[in-house]
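Note sheet for the following structure.
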There are 2 protein chains.
Amino acid sequence: MKTSEKNIERLLLYRRILISLKNGGKTNIYSKQLASLADCTPEQVRRDIMSIGYSGSPVHGYDLKKLINSISEFLDANNLQKVALVGLGHLGRSIIDYFQGRRPKLMIAAVFDRDPDKIDRVMHGCRCYSTEKILEVIPKENINVAIIAVPASGAQGVADLLVQAGIKGILNYAPVKLTLPPDIYVENRDMILAVEKVAYFARKITTEGSCT
Amino acid sequence: MKTSEKNIERLLLYRRILISLKNGGKTNIYSKQLASLADCTPEQVRRDIMSIGYSGSPVHGYDLKKLINSISEFLDANNLQKVALVGLGHLGRSIIDYFQGRRPKLMIAAVFDRDPDKIDRVMHGCRCYSTEKILEVIPKENINVAIIAVPASGAQGVADLLVQAGIKGILNYAPVKLTLPPDIYVENRDMILAVEKVAYFARKITTEGSCT
DNA sequence: AATATATTGTGAATATATTCACAGTGTTAT
DNA sequence: ATAACACTGTGAATATATTCACAATATATT
Ligand SMILES: NC(=O)c1ccc[n+]([C@@H]2O[C@H](COP(=O)([O-])OP(=O)(O)OC[C@H]3O[C@@H](n4cnc5c(N)ncnc54)[C@H](O)[C@@H]3O)[C@@H](O)[C@H]2O)c1
Ligand SMILES: NC(=O)c1ccc[n+]([C@@H]2O[C@H](COP(=O)([O-])OP(=O)(O)OC[C@H]3O[C@@H](n4cnc5c(N)ncnc54)[C@H](O)[C@@H]3O)[C@@H](O)[C@H]2O)c1
């Protein structure tokens with residue numbers, strides 16, 4: 001089966017839910033239960049799990065530990081995958097605080113900012129470099145993913161540099177549409193658009209009734 | 001036509017692109033150009049625009065000003081729509097900084113935190129209340145949208161309170177799946193899942209070639 | 001005035017995603 | 001043993017989203 005973007009998103013969510021259930025002492029789960037926790041249908045859960053080649057038992061459902069392992073095998077890199085963060089403002093700091101150490105196979109390995117006050121500071125074990133070092137550090141550290149957390153005005157320039165340095169995936173928090181080569185994967189996390197979207201649906205619910 | 005979540009997302013993006021083009025002095029645009037800026041197809045652009053009841057001319061394409069107005073009429077509230085923010089940490093502060101004043105019809109009207117040091121402080125014209133005031137302030141101010149920017153451990157409790165206070169749409173930045181009544185619209189912006197997703201596709205590109 | 005051109009708007013075709021429906025399976029209760 | 005049960009895995013049906021393909025339109029050109 002071809003795994004689409006949505007499949008991947010759901011698998012990532014399942015894994016998070018499953019890990020937390022496992023930590024709570026649970027050992028197995030049924031598609032129906034997982035579906036209810038992940039806000040989707042049992043059929044979707046079963047198909048998604050099928051798509052990664054794992055299968056459960058009609059009697060015990062899915063073994064939590066094995067399923068988590070299968071999902072991880074499918075989604076994660078074999079070795080540690082390194083991530084760069086650009087922009088060490090409020091958002092950047094929050095990202096480091098909450099991301100670092102949470103996922104065993106992912107690590108923020110370098111931080112960049114252009115503010116001289118921030119350069120050479122060390123946070124959560126990673127040093128902040130000048131953005132001028134992007135072309136040097138990223139290939140050296142073998143980083144292929146980057147998070148952009150600089151103001152909108154600087155984002156395109158930063159993105160161009162990152163691509164030039166060999167980055168293949170970008171998580172962009174700046175509220176601009178980046179223009180990049182088609183072989184770069186970009187995920188936009190535009191806060192303003194997100195609030196607008198929620199506001200739209202909240203309004204529909206308020207004035208009309210139910211919704212998505 | 002029925003407007004789906006994706007239609008709304010694209011319309012919001014078009015509007016942002018169109019506003020910035022208009023500020024640059026442009027007066028009209030063709031579906032092809034907008035599609036290329038929004039990373040979609042011209043047919044999608046035309047259908048989306050059709051769906052809100054606007055139409056362009058086969059010769060001049062779409063009039064920027066009129067199109068922006070039509071989209072806004074479709075997407076925005078008639079009056080100011082008020083938003084609450086819960087959690088005034090790094091992320092919360094960044095959200096206020098970058099959101100407030102950006103959209104004419106949306107405004108963060110109240111901020112809540114449980115840290116006594118933050119309560120009663122005023123930022124960008126909005127006062128920080130104790131979370132205990134949620135049930136009082138939200139109905140009084142007629143707020144129907146909320147942004148959650150507290151740590152994962154507190155998010156579900158905060159969400160329950162918000163729903164009780166009458167909130168209909170939640171933008172959740174905490175990395176937990178919230179369990180809420182089905183008539184509440186929830187948009188999750190989980191940073192960890194987002195990085196994992198980008199890392200997955202970046203890896204696919206790196207090892208295989210092209211991608212989504 | 002006729003022709004060529006570029007674009008919109010949209011029905012129809014296609015592709016993708018989701019849901020339905022049920023056979024196959026091991027377990028438990030009788 | 002056998003029947004009843006609750007679940008998985010999955011082909012088929014359905015629903016949704018996207019793309020194709022082209023008539024209709026207004027202008028520019030000759
Ligand atoms: N999508 C979201 O969820 C979300 C939430 C909050 C903020 N944001 C966005 O994230 C961005 C950063 O927000 P913030 O609150 O951290 O801002 P901030 O002003 O606190 O920090 C920005 C940082 O980027 C650095 N910087 C600026 N230009 C740079 C450049 N060209 N190269 C390298 N570094 C540069 C600055 O020195 C500063 O350290 C903004 O665009 C904001 O809109 C997004
Ligand atoms: N999705 C994203 O893009 C993204 C990015 C960064 C951080 N985050 C998440 O956002 C959350 C906040 O991050 P941060 O860096 O601002 O954290 P922070 O520790 O700087 O701030 C958290 C704030 O919430 C307040 N708080 C804690 N519990 C509360 C409660 N029960 N009720 C009300 N207020 C409470 C604290 O007093 C503090 O002011 C975390 O869950 C983090 O994982 C998400």
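Each chain gets a letter, A, B and so on, in the order its sequence line appears, and its residues count up from 1.
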Nearest whole angstrom, please: distance from the P of C/dA6 to the CD of B/Q33. 14 Å

Can you measure B/I52 atom CD1 to C/dT10 atom C1' for me and round it to whole angstrom units? 17 Å

Close side-chain approach of A/Y129 to A/V111, heavy-atom, < 4.5 Å: no

Taken to the nearest whole Å, CG/B/D48 to P/C/dG9 is 12 Å

Specify the separation, in whole Å, of atom CG of B/D63 and atom C1' of D/dA26. 16 Å

Once you round it to whole Å, what is the distance between P of D/dT19 and CZ of B/R10? 9 Å

Any ion pair linking B/E196 and A/R15 (charged N to carboxylate O, less than 4.0 Å)? yes

Could you run through nucleotides 4-11 of chain D and give me one letter per nucleotide, 5' to 3': B if any protein heavy atom sits under 4.0 Å from the base, S if only the sugar-phosphate is that close, - if neither? ---BBBBB

Would you call the rings of A/F201 and B/Y185 parallel, tilted or perpendicular, taking 30° and 60° as the class edges? parallel

Output yes when at least one side-chain N/O atom of A/S4 is less than 4.0 Å from OP1 or OP2 of C/dT16, else no. no

Please check if the number of heavy atoms outside B/K65 that lie under 6.0 Å from its NZ is greater than 12. no

Can you tell whether the side chains of A/K177 and A/D190 come within less than 4.0 Å, N to carboxylate O? no

Length of the line joining B/E5:CD and C/dA17:P, which is rounded to integer Å: 16 Å

Can you find a pair of side-chain heavy atoms, one from B/D160 and one from B/L180, that are under 4.5 Å apart? yes

Parallel, tilted or perpendicular: which fits the ring planes of A/Y62 and A/Y54, with parallel below 30° and perpendicular above 60°? tilted

What stems, by residue range, does DNA chain D take part in, given at least 3 consecutive Watson-Crick or G-U pairs under 3.5 Å? C:1-30 with D:1-30

Compare all side-chain heavy atoms of A/E141 with those of A/K82 and state whether any distance is below 4.5 angstrom. yes

Side chains of A/L91 and B/Y98, heavy atoms from C-beta outward: is any pair under 4.5 Å? no

Expressed in angstrom and rounded to an integer, what is the separation of B/K6 atom NZ from C/dT18 atom C1'? 13 Å

